[in-house]
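Structure first, then comments.
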Amino acid sequence: MDEITLPKPDDWHLHLRDGAMLKGILPFSAKHFARAIIMPNLVPPVVTATDAQAYRDRIMAVLPQGLDFTPLMTLYLTEGTDPADVAAAHASGLVTAVKLYPAGATTNSHSGVRDLSKVMPVLEKMAEIGMPLCIHGEVTSSDVDIFDREAVFIETVLDPLRKRLPDLKITLEHVTTSDGVDYVSGADKNLAATITTHHLMINRNAILAGGIKPHYYCLPVAKRESHRLALRKAATSGDPRFFLGTDSAPHVDPLKECGCGCAGIFTAINTLSCLAHVFEEESALDKLAGFASVSGPAWYGLPVNTDTVTLRKRSSPVSWPAKIETGDGPVTVFDPMVPVHWEVA
Ligand code: DOR
Ligand code: ZN
């Protein structure tokens with residue numbers, strides 16, 4: 001097969017940032033994706049319905065004419081979040097989901113949750129109204145090894161939370177381990193997971209072997225090869241509980257290439273090409289539409305897009321710019337480190 005047509009994909013986990021960066025990167029997502037779940041970890045974060053409305057307006061104001069793109073907004077859960085504000089934002093259709101960042105887990109997460117008991121009234125309300133919770137699933141304590149933080153989170157936070165609130169619909173985001181895959185596969189209900197493009201393509205060697213490579217550093221950090229293989233198996237399995245969330249997360253190069261570089265990989269430009277490459281390698285091109293276009297909408301109760309996207313395999317590898325220029329500065333594009341022959345037609 002050297003051509004495949006899919007319903008237009010959606011990105012169920014995307015960082016669009018704000019200001020000049022937003023303007024610089026939005027066109028890349030809007031070209032290939034019809035909708036995206038927009039992460040709320042701005043500075044300051046998107047906490048209230050009013051914040052979400054203003055952020056949505058800023059996104060739509062810089063969407064280039066002729067591109068049809070719907071941002072699905074999220075609220076950043078804090079220990080001060082008001083359950084009534086969340087419920088009203090969901091009922092009005094403005095907000096799709098709430099995002100839980102354990103405080104300190106990643107970029108701009110310091111306003112996140114330290115004590116889960118403080119947000120139980122919000123979570124109970126969400127369970128009651130059927131509003132999904134997106135979770136960054138890593139513990140933050142310094143005594144837990146960074147490569148174990150997802151597995152420990154599942155055991156010590158996620159599983160108890162699901163037992164306490166079985167009706168809460170949870171998306172475990174950017175799952176990176178076989179532990180995560182196994183946990184989601186074994187769940188009886190109300191649990192799904194997104195998988196990023198880069199975690200299907202790289203393992204931790206990309207970051208650390210042959211020199212330190214900050215453009216492969218993200219959170220959760222890429223794990224060893226056996227975990228990457230488990231992610232590939234889940235993504236290409238056809239199980240509708242695993243679907244695409246790119247976690248495309250641009251930072252300008254000076255903030256990556258320094259003594260304490262930011263976490264985040266910018267994949268919005270080449271995600272679809274890379275996914276076609278991965279699914280072809282796994283002899284699963286027939287499962288790509290499910291992963292990128294069908295299972296996500298089903299989970300979020302939305303229709304599959306009627307527009308389509310065609311991917312074509314060419315004889316020479318596809319190339320992308322090494323960097324894009326934004327009004328905030330240059331952003332390095334994800335380099336998949338292997339020749340990729342699939343291009344978006
Ligand atoms: O690598 C990441 N970058 N992981 C996250 O969870 C946040 C994101 C960002 O905002 O840069
Ligand atoms: Zn993210």
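Remember, it's 1-based here, ligands and their atoms both numbered in the order they're listed. Given the structure is predicted, the values throughout are model-derived calculations rather than measurements. Heavy atoms only: backbone and side chains are in, while hydrogens, waters and symmetry mates are out.
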Ligand-residue contact atoms, ligand 1 with [X], heavy atoms, under 4.0 Å:
X: His15; answer: 7 (C), 8 (C), 9 (C), 10 (O)
X: Ala249; answer: 3 (N), 8 (C), 9 (C), 11 (O)
X: Cys218; answer: 1 (O)

Residues Asp167 and Lys189 bridged, charged N to O under 4.0 Å:
yes
For atom 3 (N) of ligand 1, grab the closest protein heavy atom and report residue, atom and distance to one decimal in Å.
Ala263 O, 3.0 Å
What is the nearest protein non-hydrogen atom to atom 5 (C) of ligand 1, stated with its residue, atom name and distance?
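Of the protein heavy atoms, Thr106 OG1, 2.9 Å lies nearest.
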Any chance you could pull the hydrophobic cluster mates of Val304, using side-chain heavy atoms under 4.5 angstrom and chaining through other members?
Val294
Shortest non-hydrogen separation from Ile25 to Pro250 and the atoms involved
CD1-CG, 3.5 Å
For Arg162 and Ala187, work out which heavy atoms get closest and say how close.
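Shortest heavy-atom contact: NH2-CB, 3.5 Å.
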Using a 4.5 Å cut-off on heavy atoms from C-beta on, say whether the side chain of Leu116 contacts that of Leu100.
yes
For residues Lys99 and Leu75, determine if any side-chain heavy atom of one lies less than 4.5 Å from a side-chain heavy atom of the other.
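Side chain of Lys99 against side chain of Leu75, heavy atoms only: no contact under 4.5 Å found.
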Is ligand 1 under 4.0 Å from a heavy atom in the side chain of [X], in the backbone, in both, or in neither?
X: Asn41; answer: side chain
X: Asp247; answer: side chain
X: Glu173; answer: neither
X: His136; answer: side chain

Report yes if some N/O of [X] lies less than 3.5 Å from some N/O of ligand 1; otherwise report no.
X: His251; result: yes
X: Gly264; result: yes
X: Tyr217; result: no

Is the closest heavy-atom distance from Lys99 to ligand 1 below 4.0 Å?
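No, that is not the case, since the closest heavy atom of the residue is not under 4.0 Å from the ligand.
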Would you confirm whether Glu150, through its side chain, and Thr176, through its main-chain N or O, come within 3.5 Å as a donor-acceptor pair?
yes
Between Asp10 and Arg35, does a salt bridge (Lys or Arg N to Asp or Glu O under 4.0 Å) hold up when you go through it step by step?
CA-CA 5 Å; Asp10 303 301; Arg35 298 168 292 205; 2.7 Å; yes
Should we count NZ of Lys8 as having more than 12 external heavy atoms under 6.0 Å?
yes
Strictly under 2.8 Å of the Zn ion (ligand 2): which protein N/O/S atoms qualify?
His13 NE2, His15 NE2, Asp247 OD1
Quick one: which of Leu219, Ile265, Val221 has a heavy atom closest to atom 1 (O) of ligand 1?
Leu219
Decide whether a cation-pi geometry holds between Arg224 and Phe147; the criteria are a distance under 6.0 Å from NZ or CZ to the six-membered ring centre and an angle within 45° of the ring axis.
no
If you apply the rule salt bridge (Lys or Arg N to Asp or Glu O under 4.0 Å), what do you find for Glu343 with Arg312, and how did you get there?
CA-CA 5 Å; Glu343 70 180 350; Arg312 219 168 268 144; 5.8 Å; no
Among pairs that include at least one residue of residues 157-202, which meet ring-ring contact (aromatic ring centres under 6.0 Å, His included), considering only residues two or more places apart or in two chains?
His13-His174, His136-His174
Once ring-ring contact (aromatic ring centres under 6.0 Å, His included) is applied, what residue pairs with a partner in residues 50-99 remain, sequence neighbours excluded?
Tyr76-Tyr101
